[in-house]
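Everything on this sheet refers to the single structure shown next.
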Amino acid sequence: MLTFQRFTLGALQTNAYVLIDASRTRAAVIDPGTPDAALLRRLEGLKVEAILLTHAHFDHIGGVDDLRRRFGCPVYLHALEKDWLGDPVKNGSARWTDVTGPIAAGVPDVYFEDGQKLELLGETFEVLHTPGHSPGSVGLLCGDLLFAGDALFRRSVGRTDLPGGNADALARSIREKLYVLPDGVIVLPGHGPETTIGEEKRENPYVRA
Ligand SMILES: [Zn+2]
Ligand SMILES: [Zn+2]
């Protein structure tokens, strides 16, 4: 069975997730926001097979090139944000000068597509394109785990005032792609604590089911 560990990184307290396969030999990393010694220690001795980005805001990508260099693994991102890794204006780091210097990383290696089924770590991950917080935001569904990025949080949703953000699109993404999932699906967001689809359908004040 897939296991995961959360690492909360950087000034914006972004959640990175280390995923580990059933044999405890292979790993993938979701949203490595900044290089981090504890996260690196967790990867020691494992074959790291992928870096998966829910979107390309700077607080999710600062550790990308360090990991890619160390492990030689591909970086996955939606094509709508393919230019963002290398562009501090697009990834937002040029604007948050009080919390970060300019952040840049090399181009992605693989592009996510909506509805795609990825075989990774002996599991199937379904890609759910959920634009609104950013145009290329995706959620990654593996069994009853949803790595949701910054689309849906516990009792909140992602902001939509950044470049390419769209509040109507976000509400539509949440209703049509996330709230249709089983109530028991565990939502692992880009910031803050986990929740479930059922809880958010009942309690989320921003997007009603
Ligand atoms: Zn974001
Ligand atoms: Zn974020």
Side-chain angles (χ1 to χ4, degrees), residues 4-19 28-36 39 51-67 75-105 107-108 111-112 114 127-141 145-174 177-178 186-195 200 204 206-207:
F4 70 90
Q5 188 172 341
R6 177 172 58 205
F7 293 82
T8 302
L9 306 180
L12 301 188
Q13 297 282 285
T14 305
N15 292 327
Y17 296 93
V18 170
L19 314 181
V29 183
I30 296 177
D31 290 355
T34 190
D36 182 73
L39 188 151
I51 299 167
L52 308 170
L53 301 177
T54 61
H55 64 301
H57 282 150
F58 73 92
D59 56 311
H60 297 251
I61 66 169
V64 164
D65 274 358
D66 179 56
L67 289 180
V75 174
Y76 292 66
L77 178 67
H78 195 284
L80 286 172
E81 295 176 16
K82 66 178 177 197
D83 303 329
W84 291 31
L85 292 179
D87 186 335
V89 171
K90 287 180 174 155
N91 68 43
S93 54
R95 173 170 160 183
W96 268 271
T97 51
D98 50 335
V99 296
T100 183
I103 300 280
V107 294
Y111 296 115
F112 288 131
D114 187 38
V127 177
L128 306 174
H129 183 212
T130 53
H133 170 68
S134 71
S137 282
V138 300
L140 299 169
L141 180 67
L145 302 177
L146 174 70
F147 298 91
D150 289 0
L152 180 64
F153 301 126
R154 184 175 184 276
R155 311 297 186 264
S156 187
V157 299
R159 57 192 291 172
T160 54
D161 59 335
L162 301 174
N166 182 311
D168 291 339
L170 180 63
R172 201 161 49 240
S173 292
I174 290 171
K177 296 285 184 63
L178 305 186
I186 296 163
V187 179
L188 298 154
H191 301 268
E194 65 187 59
T195 182
E200 295 315 307
N204 193 295
Y206 295 95
V207 177

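Residues take their numbers from the sequence shown, with the count starting at 1. Predicted model only: the values in this text are computed from it and were never measured. Counting starts at 1 for both ligands and their atoms, in listed order. In what follows, every heavy atom counts, from backbone to side chain, and hydrogens, waters and symmetry copies are set aside.
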Apply salt bridge (charged side-chain N to carboxylate O under 4.0 Å, His left out) to D65 and list each qualifying residue two or more places apart in sequence or on a separate chain.
R68
Give the intermediate values and the outcome of salt bridge (charged side-chain N to carboxylate O under 4.0 Å, His left out) for residues E194 and R154.
CA-CA 6 Å; E194 65 187 59; R154 184 175 184 276; over 6 Å; no
Considering just N/O/S atoms, say which atom of H133 is closest to the Zn ion (ligand 1).
NE2
Got a sec, which pairs hit side-chain hydrogen bond (donor to acceptor under 3.5 Å, both in side chains) with one end in residues 76-88, sequence neighbours left out?
E81-S134
Tell me, yes or no, whether the heavy-atom count around F4 atom CZ, taken from other residues, nucleotides or ligands under 6.0 Å, exceeds 12.
yes
Over all heavy atoms of both residues, which pair between L53 and P32 is shortest? Give the atoms and the distance, please.
CD2-CD, 3.8 Å
Could you give all pairs that pass the salt bridge (charged side-chain N to carboxylate O under 4.0 Å, His left out) test and reach residues 156-165, with sequence neighbours left out?
R159-D161
Quick one: name the protein N/O/S atoms under 2.8 Å from the Zn ion (ligand 2), chain by chain.
D59 OD2, H60 NE2, D150 OD2, H191 NE2
